[in-house]
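Values below: every heavy atom of this structure, side chains too, minus hydrogens, waters and symmetry copies.
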Amino acid sequence: MRRQQKNKPTTFHLVKYDSTLLEYLIANFKDKSRTTLKSYLSHRQIAVNGKTTTAFDFPIKQNDEIRISPVGEAKQNPNHRIKIIYEDQDLIVVEKKNGVLSISTGKEGEITAYSIAMEHVRRQHPENRVFVVHRLDRDTSGLLIFAKSPFVQQQMQNRWNENIITRKYIAIVEGKPEKEEDRLVSWLTENAKSLKVHASPTDNGGKKAITNYKILQSNEKYSLLEITLETGRKNQIRAQFELIKHPVAGDKKYGATTNPLGRLCLHASALCFKHPITNEILNFDTGIPASFR
């Protein structure tokens, strides 16, 4: 008789018949709920013949080996530039590191969040593709959504304000804003030559931008902020905090004079949205990066 272990062991299972992965798991792991099995997939805890997959409709054949690993053993993307947070048949949510482009600038061989996500889905099937839904600045870390079809991409983009419920960021800014909490309203215009976005406190014909913040912690030099967006404009946070003379730390382009972490101190931490196909509310929160503390 095998001695019981404190930690749940890795489970190995030999496939009995051809099927798709989630359908097979539901039929053969009756002690697990459908939600639990979907969670195993989205957290990259399931491998078929040694290859990790998150696809519900992944094709499996008789005598394939399924491995279910305990939480914590699932591997991140081998490039370590992005981490897959959630995946289903319609979309992927990833967390990208700072310094990683969302999409290519056109230079040959660039490794981007998009190219890594594309490589991931093509390992599942060579005809699979991903499509850009939105972007983060290169030096901003955090949550990104990719669609798996042009239809889902259009549903997300065309109904962005309806689908997106909450977008939150964590930032370190220089100094301490006068108010503990505030709602910043300004109008943004972009310089065609420098590509820098400028914020105006009055309507100058630019795009209206609204940002809410609250101070989580502060000291003599810096403040840690939680920021919630009401609009999603290019460089919105960076331009607005330059305007109030508390630029994001590490953001030389937008007025910062210090760089305490060797990076732009801005992280897209939380994202809550309505699934464009199922209407399910999906909520993701990566918390405050340890280095920001």
Self-check item: Identified side chain to side chain donor-acceptor pair (under 3.5 Å) partner of Arg238 from the options Asp139, Asp251, Thr140
Solution: Asp251
Quiz item: What distance separates Ile237 CD1 from Leu229 CG, expressed to the nearest 0.5 Å?
Solution: 4.5 Å
Self-check item: Any side-chain donor near an acceptor of the partner, His120 and Gln124, under 3.5 Å
Solution: yes
Quiz item: Does a donor on one side chain sit under 3.5 Å from an acceptor on the other, for Asn49 and Asp64?
Solution: yes
Exercise. Please indicate whether Lys208 has more than 12 foreign heavy atoms, meaning atoms of other residues, nucleotides or ligands, lying under 6.0 Å from its NZ.
Key: no
Practice problem: Mind checking the CG-NE2 spacing from Asn235 to His198? Nearest 0.5 Å is all I need. | Solution: 10.5 Å
Quiz item: Do you see a donor-acceptor pair shorter than 3.5 Å between the side chains of Thr211 and Gln236?
Solution: yes
Quiz prompt | More than 12 heavy atoms from other groups under 6.0 Å of NZ on Lys168 | solution = no
Quiz item: Any cation-pi pair here, Lys32 with Tyr40, using under 6.0 Å and within 45°?
Solution: no
Exercise. Report yes if the side chains of Trp160 and Asn158 come closer than 4.5 Å at any heavy-atom pair, otherwise no.
Key: no
Quiz item: How about Val121 and Arg129: do any of their side-chain heavy atoms sit closer than 4.5 Å?
Solution: no
Quiz prompt | Any side-chain heavy-atom pair of Ile227 and Phe241 under 4.5 Å | solution = yes
Exercise. Would you please test Arg263 and Ser141 for side-chain hydrogen bond (donor to acceptor under 3.5 Å, both in side chains) and show each step?
Key: CA-CA 10 Å; Arg263 59 160 291 185; Ser141 56; 2.9 Å; yes
Exercise. Please indicate whether Glu127 has more than 12 foreign heavy atoms, meaning atoms of other residues, nucleotides or ligands, lying under 6.0 Å from its CD.
Key: no
Practice problem: Indicate yes or no: at least one non-hydrogen side-chain atom of Leu41 is less than 4.5 angstrom from one of Ser39. | Solution: no
Quiz item: Between the side chains of Thr258 and Tyr222, does any donor sit under 3.5 Å from an acceptor?
Solution: yes
Self-check item: Separation of Leu282 CG from Asp88 CG (nearest 0.5 Å)
Solution: 7.5 Å
Quiz item: Under the 3.5 angstrom rule, does the side chain of Gln240 hit a backbone N or O of Ala209 as a donor-acceptor pair?
Solution: yes
Quiz item: With a 3.5 Å cut-off and no angle check, do the side chains of Arg138 and Ser102 form a donor-acceptor pair?
Solution: no
Quiz item: CD of Gln217 to CD1 of Ile288: how many Å apart, nearest 0.5 Å?
Solution: 6.5 Å
Quiz item: Do Thr36 and Ser33 have side-chain atoms, one donor and one acceptor, less than 3.5 Å apart?
Solution: yes
Quiz item: Tyr114 and Phe131: aromatic ring centres closer than 6.0 Å?
Solution: no
Exercise. Kindly compute the distance separating CG (Asp90) from OG (Ser149), expressed to the nearest 0.5 Å.
Key: 6.5 Å
Quiz item: Just wondering, do Arg183 and Tyr213 contact through their side chains at under 4.5 Å, heavy atoms?
Solution: no
Practice problem: Taking atom types as modelled, find out whether Asn28 and Tyr17 have a side-chain donor-acceptor pair closer than 3.5 angstrom. | Solution: yes
Exercise. Please confirm whether the backbone N or O of Leu271 pairs with a side-chain atom of Thr166, one donor and one acceptor, at under 3.5 Å?
Key: no
Exercise. Could you tell me how the ring of Phe292 sits relative to the ring of His267: parallel (under 30°), tilted (30 to 60°) or perpendicular (over 60°)?
Key: perpendicular
Practice problem: Identify whether the distance between the nearest side-chain nitrogen and carboxylate oxygen of Arg34 and Glu23 falls below 4.0 Å. | Solution: no
Quiz item: Tell me, do Glu280 and Lys274 make a side-chain contact under 4.5 Å, heavy atoms counted?
Solution: no
Practice problem: Show your working on ring pair (Phe, Tyr, Trp, His ring centres under 6.0 Å) between Phe284 and Tyr86 and close with a plain yes or no. | Solution: CA-CA 9 Å; Phe284 306 97; Tyr86 173 84; 5.5 Å; yes
Quiz item: Do Asn212 and Asp182 meet the criterion of a side-chain donor-acceptor pair at a distance under 3.5 Å?
Solution: no
Quiz item: So, Tyr24 versus His13, ring centres under 6.0 angstrom or not?
Solution: yes
Quiz item: For the atom pair NZ (Lys96) and CG (Leu101), what is the distance rounded to the nearest 0.5 Å?
Solution: 7.5 Å
Quiz item: Taking side chain as C-beta onward, heavy atoms only, is Gln153 less than 4.5 Å from Phe146?
Solution: no
Quiz item: Val94, Ile111: one ILVMFWY side-chain cluster at the under-4.5 Å cut-off?
Solution: yes
Practice problem: List the steps, then state whether side-chain contact (heavy atoms from CB on, under 4.5 Å) holds for Ile82 with Lys97. | Solution: CA-CA 6 Å; Ile82 71 169; Lys97 287 197 170 184; over 6 Å; no
